[in-house]
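Reading through the structure tokens given below for one structure.
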Amino acid sequence: MIPYLGPGVLALAREGASVPASPEDLVGHLTTLATVPHKIRNNLTAAAQYIENFKHRKTVVAAMAKAFAHPTEPSALHNWIASLPQLPLLVHAWYDDLPQKALAVRSNWGQVQGVSQAEHFGYWVDYFRPDGSMVKKKDFVQDGSGAKAPAEAPDETLTWSTLLYQPIGSVTPAANYIISDSDYVEVLTEIDIQTPIPEVVQSVRKGRNFLFLGCRFTTQIERSFARQIMKRSSDVHWAVIEGPLTKNEAKFIKEQNIERIDMPLADFFAKLSGGAASVKTADAAA
């Protein structure tokens with residue numbers, strides 16, 4: 001089973017409220033640092049695009065770094081996942097660095113992050129070692145049309161026992177963010193044919209189930225990424241989502257054969273890990 005973590009997992013962190021734990025939180029932060037039109041103040045990708053257009057991309061990157069700058073420790077859930085003896089792939093669809101911190105106790109792991117075409121034109125992802133150093137990329141290859149296709153994964157990365165896949169980037173180690181409208185347009189234009197998804201991710205997911213934790217599927221972007229990352233995996237998955245679903249969420253879950261587990265994430269983790277003390281002890285230690 002492949003864990004797929006969303007921003008909601010931050011609610012279990014000891015200081016989760018100190019960094020944005022939802023798209024709504026994040027756009028609220030960005031719009032305190034730069035003025036955007038009122039009609040897009042609650043739209044994360046549109047607000048980021050406006051700032052990029054009128055204040056420069058560097059302003060967006062600086063605002064994102066500031067948003068996630070507060071040191072926050074991994075939750076008991078992050079640490080529990082990182083301790084699993086068999087963890088070939090962990091997907092993390094948010095910008096914080098708590099999974100990296102939790103995985104620091106392991107050896108022989110690395111991460112692959114989605115990168116913005118505005119800053120890394122022609123490449124979809126960058127690979128990083130545990131110490132944050134970037135693995136040298138292979139050269140582009142030419143496809144039959146003469147266009148440049150994404151390079152294959154560097155050989156070094158194929159030997160890692162655990163791969164952390166962050167499809168929309170992360171604050172560390174290199175401040176890579178897929179955040180603006182144009183960033184997502186570039187990725188979503190190609191994602192149906194899997195081009196932006198690393199080959200190693202496509203290989204590991206075969207026959208495996210996904211477990212969605214801290215994720216919602218209310219927006220087209222969230223659904224598109226989940227759908228394409230799950231493609232050609234198992235035909236049964238699970239998602240822990242407490243409370244009512246939106247119409248689009250219910251439709252998506254049914255289409256993708258995702259079994260919804262309706263309970264608080266903290267309660268689910270307590271059962272998964274063998275006891276509520278796993279969560280409470282971490283909070284008490286803060």
Side-chain angles (χ1 to χ4, degrees), residues 1-5 81-82 84-97 99-179 183-184 186-210 224-234:
M1 186 176 294
I2 299 171
Y4 188 121
L5 308 183
I81 290 174
L84 296 174
Q86 297 294 327
L87 184 66
L89 180 63
L90 170 61
V91 182
H92 179 228
W94 195 235
Y95 305 102
D96 64 86
D97 62 355
Q100 292 98 304
K101 291 177 178 177
L103 286 168
V105 300
R106 298 179 75 101
S107 60
N108 196 29
W109 69 278
Q111 54 189 306
V112 55
Q113 297 181 354
V115 297
S116 169
Q117 294 294 293
E119 298 175 284
H120 304 270
F121 181 73
Y123 286 98
W124 296 107
V125 296
D126 277 345
Y127 292 84
F128 300 92
R129 301 180 182 92
D131 64 2
S133 61
M134 189 171 74
V135 180
K136 184 178 179 181
K137 302 172 184 175
K138 287 190 174 182
D139 294 332
F140 283 116
V141 295
Q142 296 291 134
D143 65 17
S145 68
K148 290 182 177 180
E152 297 177 358
D155 293 339
E156 175 187 339
T157 69
L158 303 180
T159 67
W160 293 339
S161 60
T162 296
L163 180 68
L164 171 61
Y165 175 37
Q166 298 179 297
I168 60 174
S170 175
V171 63
T172 62
N176 288 314
Y177 308 112
I178 294 177
I179 181 68
D183 289 340
Y184 279 107
E186 294 283 359
V187 175
L188 294 176
T189 299
E190 298 284 339
I191 203 168
D192 282 349
I193 57 174
Q194 300 284 284
T195 308
I197 298 177
E199 290 181 352
V200 64
V201 173
Q202 297 183 43
S203 176
V204 171
R205 74 186 176 190
K206 291 179 180 178
R208 295 182 183 272
N209 315 91
F210 281 84
S224 293
F225 270 82
R227 180 185 293 111
Q228 297 303 328
I229 292 172
M230 283 191 294
K231 186 177 282 188
R232 304 186 185 96
S233 60
S234 176

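It should be emphasised that the depicted structure is a prediction, and the values quoted were computed from it without experimental measurement.
A distance of 10.0 Å separates CD in E186 from CD1 in I178, rounded to the nearest 0.5 Å. The line from CD1 of I81 to OG1 of T162 is 11.5 Å long, rounded to the nearest 0.5 Å. We find the CZ-OG distance between R205 and S234 to be 12.5 Å, quoted to the nearest 0.5 Å. Rounding to the nearest 0.5 Å places CH2 of W94 at 6.5 Å from CD1 of I168. One finds the CE atom of M230 at 7.5 Å from the CZ atom of R227 (value rounded to the nearest 0.5 Å).
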Pair F128, N176 - check side-chain contact (heavy atoms from CB on, under 4.5 Å), show working. CA-CA 12 Å; F128 300 92; N176 288 314; 3.6 Å; yes
I2 and L90: CA distance, side-chain angles, deciding distance, side-chain contact (heavy atoms from CB on, under 4.5 Å) verdict: CA-CA 6 Å; I2 299 171; L90 170 61; over 6 Å; no
Trace of the side-chain contact (heavy atoms from CB on, under 4.5 Å) decision for Q202 with Q194: CA-CA 9 Å; Q202 297 183 43; Q194 300 284 284; 3.8 Å; yes
Begin from the C-alpha positions of L163 and W109 and carry the test side-chain contact (heavy atoms from CB on, under 4.5 Å) through to its verdict. CA-CA 6 Å; L163 180 68; W109 69 278; over 6 Å; no
side-chain hydrogen bond (donor to acceptor under 3.5 Å, both in side chains) between Q166 and Q100: does it pass, once the steps are laid out? CA-CA 10 Å; Q166 298 179 297; Q100 292 98 304; 3.3 Å; yes
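With hydrogens and angles ignored, the 3.5 Å screen pairs a side-chain donor or acceptor of S161 with a backbone N or O of N108. When atom types are taken as modelled, the side chain of Y165 and the backbone of V201 share no donor-acceptor pair closer than 3.5 angstrom. Listed for the S170 side chain is a donor-acceptor partner under 3.5 Å among the backbone atoms of D96.
No side-chain donor from either of Q113 and D126 sits under 3.5 Å from a side-chain acceptor of the other. S116 and D183 share a side-chain donor-acceptor pair at under 3.5 Å. A donor-acceptor pair shorter than 3.5 Å can be found between the side chains of D192 and Q228.
Contact of the W124 side chain with the T195 side chain is registered, since non-hydrogen atoms from C-beta on lie closer than 4.5 Å. Between Q111 and P173 there is a side-chain heavy-atom pair separated by less than 4.5 Å. Under the 4.5 Å side-chain criterion, counting only non-hydrogen atoms from C-beta, P3 is not in contact with L89.
In summary, K136 and E156 do not engage in a salt bridge, as defined by a charged side-chain N under 4.0 Å from a carboxylate O.
Taking both residues in full, the closest heavy atoms of P167 and V91 are given as CD-CG1, 4.2 Å, listed atom of the first, atom of the second, then distance. Closest heavy-atom contact between S233 and R208: CB-O, 3.3 Å. Taking both residues in full, the closest heavy atoms of P198 and V112 are given as CG-CG2, 3.8 Å, listed atom of the first, atom of the second, then distance.
Here E119 pairs with R57 under the salt bridge (charged side-chain N to carboxylate O under 4.0 Å, His left out) rule; sequence neighbours left out. Residues meeting the side chain to side chain donor-acceptor pair (under 3.5 Å) test with Y127, sequence neighbours left out: none.
Exactly one residue among L188, V187, I193 makes a side-chain contact (heavy atoms from CB on, under 4.5 Å) with E190. That residue is I193.
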